[in-house]
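The structure appears right after this line, and notes come after that.
Since the model is a prediction, treat every value here as computed from it, not as a measurement.
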Amino acid sequence: MSSIIDLPSRQILEFFAKGQLSPVEYMKALTCRIEKTEPKVAALWDFQPEKSMAEAKASETRWRQKEPLGPLDGMPVTLKELLGTKGDPIPLGTAAVDLVPETDDSPVAARLKENGAIVVAKTTCPDYGMLSSGLSSFHKLSRNPWDLDKNPGGSSAGAASAGAAGYGPFHIGTDIGGSVRLPAGWTGLFGFKPTLGRVPIRPYYTGRVAGPMTPTVDDAALLMQVISLPDSRDASSIKYEDLDYFRDDIDVAGLTIGLMLDAGCGFDADAEVIAAVVAAAKEFEERGATIVPIEPVLKRNMLDGLDVAWRARFWGMIEPLSADRQSKILPYILEWAKDGKDAKATDVAAGIDQTFAMRGATAAAFENVDFILSPVNPTVSYPAEWASPTNDPRRPFEHIAFTMPWNMGEQPACSINCGFSLSGMPIGLQIVAKKFEDDRVFALARAFEKWRGPITNWPRFDH
């Protein structure tokens, strides 16, 4: 039975429609896998199998009556716990907040439920979503299924762990500096950061998006056609477009593709990462694309300025908390935030201005190229117990230099697996397109996925 969970989402839905597989049968198999695997990877929070099974039975009835709610009816999905669901609290990954049930669904949750998807669980994140790690003061330590001694990354840590461990094909995270792409890269998933405002989100903030984290490009395309539907609660949302996320008609020959191997600051990419990304670029070149090296878009003062602004903003959030509450926050996060306490207003304002400098730099990078390729993560992996790839709150963002600029610039970008290290850890290729060209990212990623072939060695713990 466990093998049916590893089927592509499109095939599962076709089986539902033809009566060859029941949402109840699928949910039973998924629940069994989760119960056997979760003690090892700790990807989930608020797992409610009884509720999910009841919803699966309702979906089964709808499929029998040929009346599905929408294209995802009966499909389980996990949501990062920062994406609210009615009746469930949002712990924010920290032991410092009260668990108050949400009064309504977030835009992503609402669209999924309206189209029949079953939110089977929430996935973990670190305190306030402010780390690229599976470490949290509230949740159990989430681990990378490819090597349980390694970190899945974050802040969409549980989504990455769940996706790589085979908890079904559908998982959704959030990303403000790389929090979808970074963990997707470290766990072999396809992770997509849409154009800012393409997927309505709440709360909205500069650079913050929600996006799919899935085993394949096609799985993510099925999610995007639903979660990109409009919701007026996101004041940063853009006009809805019915984009074709399934297109496979892109002509690689004639494209000019920029190759960025230097992020400009932060960690230098590991040799194995560079080799895998260069090999991926050659795949495009062999099919007629022109590959041109391009300069980094990020500068040290941009990264450091954003660090100051984020520290100050976060300190403003936690300063009103009592000393007892503050003491429950992950020490790494608290130490990082305290530096924002004494930040000068002029330095904070200058830091915010750096987001606009990045916006300008990322837009200018596309003046002579159609796409940009780069590493996602500069490092191959790091210990599961670390709070970040540096494990140093004085150097918190050295690993986001390839990903974060595209959040500030608002361009669509993805991570797609382009190989493995000698130690067997996945390596991610980042594909970035011009703002609003989300469908072209999917098209190019789909082409690369076809050349690469399927990943056949996903880690499994239920056999």
Side-chain angles (χ1 to χ4, degrees), residues 41-43 45 80-82 90-97 123-144 148-161 173-183 185-187 205 208 265-267 303-343 348 351 377-401 403-404:
V41 302
W45 178 73
K80 187 177 181 178
E81 61 111 315
L82 299 181
I90 299 179
L92 300 176
T94 181
V97 302
T123 51
T124 65
C125 72
D127 290 52
Y128 297 93
M130 291 303 298
L131 293 177
S132 189
S133 175
L135 187 63
S136 161
S137 65
F138 178 82
H139 300 295
K140 294 179 181 179
L141 175 64
S142 297
R143 297 177 179 272
N144 193 324
L148 296 175
D149 290 328
K150 302 301 183 184
N151 209 296
S155 60
S156 303
S161 297
T174 64
D175 188 320
I176 197 172
S179 289
V180 161
R181 288 157 291 157
L182 292 166
W186 275 311
T187 57
Y205 187 70
R208 184 172 189 253
C265 58
F267 285 142
L303 187 62
D304 290 345
L306 190 68
D307 186 13
V308 170
W310 278 1
R311 286 179 197 246
R313 179 178 183 268
F314 188 66
W315 180 254
M317 292 170 56
I318 66 174
E319 186 177 33
L321 299 178
S322 66
D324 178 63
R325 293 271 184 173
Q326 289 185 13
S327 70
K328 294 179 180 179
I329 297 172
L330 199 70
Y332 179 106
I333 287 288
L334 191 60
E335 184 178 347
W336 169 76
K338 281 184 175 178
D339 282 349
K341 180 179 180 180
D342 300 319
V348 175
N377 310 293
T379 60
V380 168
S381 61
Y382 59 103
E385 295 80 9
W386 282 17
S388 76
T390 64
N391 208 31
D392 182 354
R394 294 165 299 180
R395 301 169 59 237
F397 297 142
E398 301 303 294
H399 61 289
I400 66 173
T403 56
M404 182 271 296

Please round to the nearest 0.5 Å and tell me the distance separating atom [atom1] of [X] and atom [atom2] of [Y].
X    : Y    : atom1 : atom2 : value
L141 : T124 : CG    : OG1   : 8.5 Å
L131 : I333 : CG    : CD1   : 3.5 Å
T174 : E81  : OG1   : CD    : 9.5 Å
S381 : W386 : OG    : CH2   : 10.0 Å
C125 : K80  : SG    : NZ    : 5.5 Å
K328 : T94  : NZ    : OG1   : 9.5 Å

Is a side-chain donor or acceptor of [X] paired with a backbone partner of [Y] at a separation under 3.5 angstrom?
X    : Y    : answer
Y332 : D392 : yes
S327 : D324 : yes
R325 : A96  : yes
R181 : T403 : yes
S388 : P396 : no
W310 : G351 : no

**OP:** Using the side chain to side chain contact (heavy atoms under 4.5 Å, CB included) rule, take I329 and M130 through it: C-alpha gap first, then chi angles, then the decisive distance, then the call.
**Re:** CA-CA 11 Å; I329 297 172; M130 291 303 298; over 6 Å; no
[X] and [Y]: which non-hydrogen atoms are nearest, and at how many Å?
X    : Y    : result
A160 : P183 : CB-CB, 3.6 Å
A95  : S137 : N-OG, 3.0 Å
E398 : G266 : OE1-CA, 3.2 Å
V180 : D175 : N-OD2, 3.0 Å
V348 : A312 : CG2-CB, 3.6 Å
G134 : A157 : CA-CB, 3.6 Å

I'd like to check [X] versus [Y] (side-chain heavy atoms, cut-off strictly below 4.5 Å). Are they in contact?
X    : Y    : answer
L92  : D127 : no
S142 : W45  : no
N377 : F267 : no
L303 : M404 : yes
V97  : Y128 : yes
T379 : W186 : yes

**OP:** Have a look at S155 and tell me which of S136, S179, S133 forms a side-chain hydrogen bond (donor to acceptor under 3.5 Å, both in side chains) with it.
**Re:** S179
**OP:** For A337, enumerate each residue passing the side-chain contact (heavy atoms from CB on, under 4.5 Å) test, keeping only those at least two apart in sequence or located in another chain.
**Re:** F314, W315, I318
**OP:** Would you please test Y205 and I176 for side chain to side chain contact (heavy atoms under 4.5 Å, CB included) and show each step?
**Re:** CA-CA 8 Å; Y205 187 70; I176 197 172; 3.5 Å; yes
Subject >> Residue pairs passing the salt bridge (charged side-chain N to carboxylate O under 4.0 Å, His left out) test where at least one lies in residues 332-341, sequence neighbours excluded >> reply: R311-D339
Subject >> Partner of N144 under side chain to side chain contact (heavy atoms under 4.5 Å, CB included), chosen from N151, D149, T187 >> reply: T187
